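The sequence lines fix the lettering, A, B, ..., with proteins before strands; numbering per chain opens at 1. Note that the structure is predicted; figures quoted are calculated from it, not measured.
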Amino acid sequence: MLTLHTIRTNPEAVISALAKRNINARPAIESLLALNEQRRRIQTETETLQAEANRLAKEIGGLMRDGRAEEANAVKARTTEIKSQIQSFASELELLEGQEREHLLRLPNMPHDSVPAGKSAEDNVVVSEWSPEWALAENAVPHWELTERYKLIDFERGVKVSGAGFPFYTGQGARLQRAMIQFFLDRNTAAGYLEVQPPHFVNAASGYGTGQLPDKDGQMYHVGEDQLYAIPTAEVPVTNMLRDEIVPEADLPVKLTAYSPCFRREAGSYGKDVRGLNRLHQFDKVEIVCVEHPEKSYDRLEEMVAHVAGLLQDLELPYRVLRLCGGDMGFTSALTYDFEVWSAAQERWLEVSSVSNFETFQTNRLMLRYRSEADGKPHLAHTLNGSSLALPRVVAALLENNQTAEGIRIPKALAAYTGFEWIR
RNA sequence: GGAAGAAUGGCAGAGUGGUCGAUCGCGGCGGUCUUGAAAACCGUUGACUGUAACAGGUCCGGGGGUUCGAAUCCCUCUUCUUCCGCCA
C-alpha cells in the first residue's frame with residue numbers, strides 16, 4: 001500500500017510511475033485525493049465537536065461534585081445535542097475512511113526508476129547469463145518422462161488422492177526433494193539468514209499485510225470454517241512475523257529463511273505451462289526475507305540476487321537473470337529480478353526464483369517500522385524477499401540437463417545431501 | 001470440546017464511573033557529581049491521526065453497548081493461564 005503522504009505530496013510522480021505498469025492511475029488518484037480532503041474536513045469538524053463534548057463533560061463532573069445539580073443538568077442538555085451531531089458526522093467519516101482505504105489497497109506499488117517500460121514478459125531485460133560447460137545428451141526427453149522412467153514422481157496417484165498438481169514424490173525423487181531443501185537452508189543460514197519454520201496457514205490480516213489480499217483473493221486456498229488461508233509462499237507468514245512491530249535500527253537487517261510447502265490454486269492456467277513439474281498446486285520452496293533500512297535496501301537486493309546466483313551455480317544449472325518490466329512485475333514490488341533456468345529438453349526457460357524489493361509497500365500495511373537512531377522516531381522499514389529456491393522447476397531442469405544413457409547425474413554440491421551421485 | 005480466572009505503556013504492576021494517556025518501580029535517554037566509570041540525585045521517556053507549526057482527536061486485547069462522562073459497568077469475540085476431556 002502506497003502511503004497517503006507520497007500520494008498527497010506528489011500525485012503526478014505516482015501517476016507517471018504507475019504508467020510504467022500500463023495503468024492510468026489518474027482517475028483513481030484524483031478521486032482518492034478528493035476523498036482524502038473530504039475525510040480530513042469531516043474529521044476536523046467531528047473532532048472539534050468531540051473536544052467541546054469532552055470539555056462539557058468535565059464541567060458537569062465539576063458541577064456535580066459541588067452539588068450544583070441543576071446547572072449540571074442544563075449542561076447535559078447541550079452535550080446531548082452535540083452528541084447527536086457527532087453521531088451523524090461519525091458515520092460519514094467511517095464511510096469515507098473505508099472508501100479511502102479501498103482506493104489505497106487497490107493501487108499497486110510504484111516501480112523503481114530502473115524498471116524498464118513494457119507490457120509483458122517479452123519486454124523484460126536480460127541483465128546476466130551464466131552457464132557451466134555442458135552438453136545435452138542425445139535423445140534427451142522432458143522431465144515428465146524421466147520421472148516416470150526412474151519412478152521419481154507419481155503424478156497419477158496424486159490425481160487420484162488429491163487432484164492434478166498434487167504429485168507424490170517417491171524413492172530417489174522424494175530423497176532429492178529433502179536433500180535440496182536441506183542444501184538451500186544450509187546455504188542460506190551460512191549467508192546469515194536465521195532459519196524459521198512458519199505456520200502453513202495464516203489469517204486474513206496476514207494476507208493483507210504482504211499484499212496477497214485483496215489483490216490475489218481467489219488464488220489462495222481458503223478454509224472458510226476457520227477463516228484461514230493456505231500459504232502461497234513462506235513470504236507471507238515470515239514477513240508477517242514482524243507485523244505491528246517497531247524494531248531497533250541496530251537490529252537491521254533482519255534476515256530470515258524458511259522452507260515451506262506452497263499452495264496455489266493457479267486458476268486459469270493451462271497447456272504446456274502446467275505439464276509435469278512446470279506448475280503445481282502444492283510445491284516446495286525455500287524463501288529468504290529481509291527487513292532493511294530504506295537507504296540500504298537496494299544494496300541488499302543486489303546481495304540477495306548474488307546469493308541466489310551462487311545456488312544455481314552450485315547446482316551447475318544454466319540460468320539468466322531478468323529485470324522485470326513494469327507490465328510483468330507483481331502488484332507489490334518496486335523492482336524484481338527473475339531467475340530462469342534453461343530446460344534443454346523442453347527448450348524453454350523456467351522461472352525458479354523471483355527476488356524483489358517492496359520498499360515500504362508491505363510495511364505500510366504491516367505497520368512494520370524501525371526506530372531511527374537519528375531522530376528517535378519510528379519509520380517504515382523496507383522489505384525484500386526472494387526464492388532460494390523453488391524446487392519443482394529446478395528439479396525439472398536438473399533431471400533434463402543431466403540425463404545420460406547411464407542415468408541422471410547429480411551435481412557434486414547436492415550429492416553430499418542426497419547420498420547418491422546417480423539416479424538410475 | 002467443558003469449567004474457572006486473566007488481558008493496562010519496552011518490562012513489571014497500580015488503578016472498580018469524572019481532574020486518568022493513565023501511580024510507583026525497572027529499563028532507555030539527558031544532566032549534576034567524578035580524571036573516567038559505578039553509585040546517588042534531578043529531569044525525561046508510547047503510538048496513530050491531525051496542523052505550516054501549535055491546538056485538537058483517538059488508543060488500557062478486538063468489536064459493540066449503557067452514560068453528560070468508561071481502563072473501570074454490560075454483551076460478544078480472540079488470546080493466555082489452570083483443571084477436565086480428547087489426542088500426534
Mark yes or no for whether A:Asn364, through its side chain, and A:Leu380, through its backbone, hold a donor-acceptor pair below 3.5 Å. no
Which nucleotide, B:rG56, B:rU51, B:rG46, lies nearest any side-chain atom of A:Arg8? B:rU51
When you check the side-chain N and O atoms of A:Thr360 and A:Thr363, is any donor under 3.5 Å from an acceptor? no
Using the C1' atom on both, measure B:rG10 against B:rU78 and round to a whole Å. 24 Å
Would you kindly compare A:Gln50 and A:Thr80 by the position of their nearest RNA chain B nucleotide and give the one closer to the 5′ end? A:Gln50
When you compare B:rA12 with B:rG63, how far apart are their P atoms, in angstrom units rounded to a whole number? 23 Å
Using the P atom on both, measure B:rU72 against B:rG21 and round to a whole Å. 13 Å
Mind checking the P distance from B:rC80 to B:rU8? Whole angstroms is fine. 14 Å
Please state the C1' separation for the pair B:rC60 and B:rC54 - nearest whole angstrom. 28 Å
Quick check: on RNA chain B, is the nucleotide nearest A:Glu94 upstream (toward 5') of the one nearest A:Asn54, or the reverse? Name the residue that is more 5'. A:Asn54
Quick one: is A:Arg371 getting a side-chain N or O under 4.0 Å of the B:rA47 phosphate, OP1 or OP2? yes
Heavy-atom count check: over 12 atoms from other residues, nucleotides or ligands less than 6.0 Å from A:Gln50 CD? yes
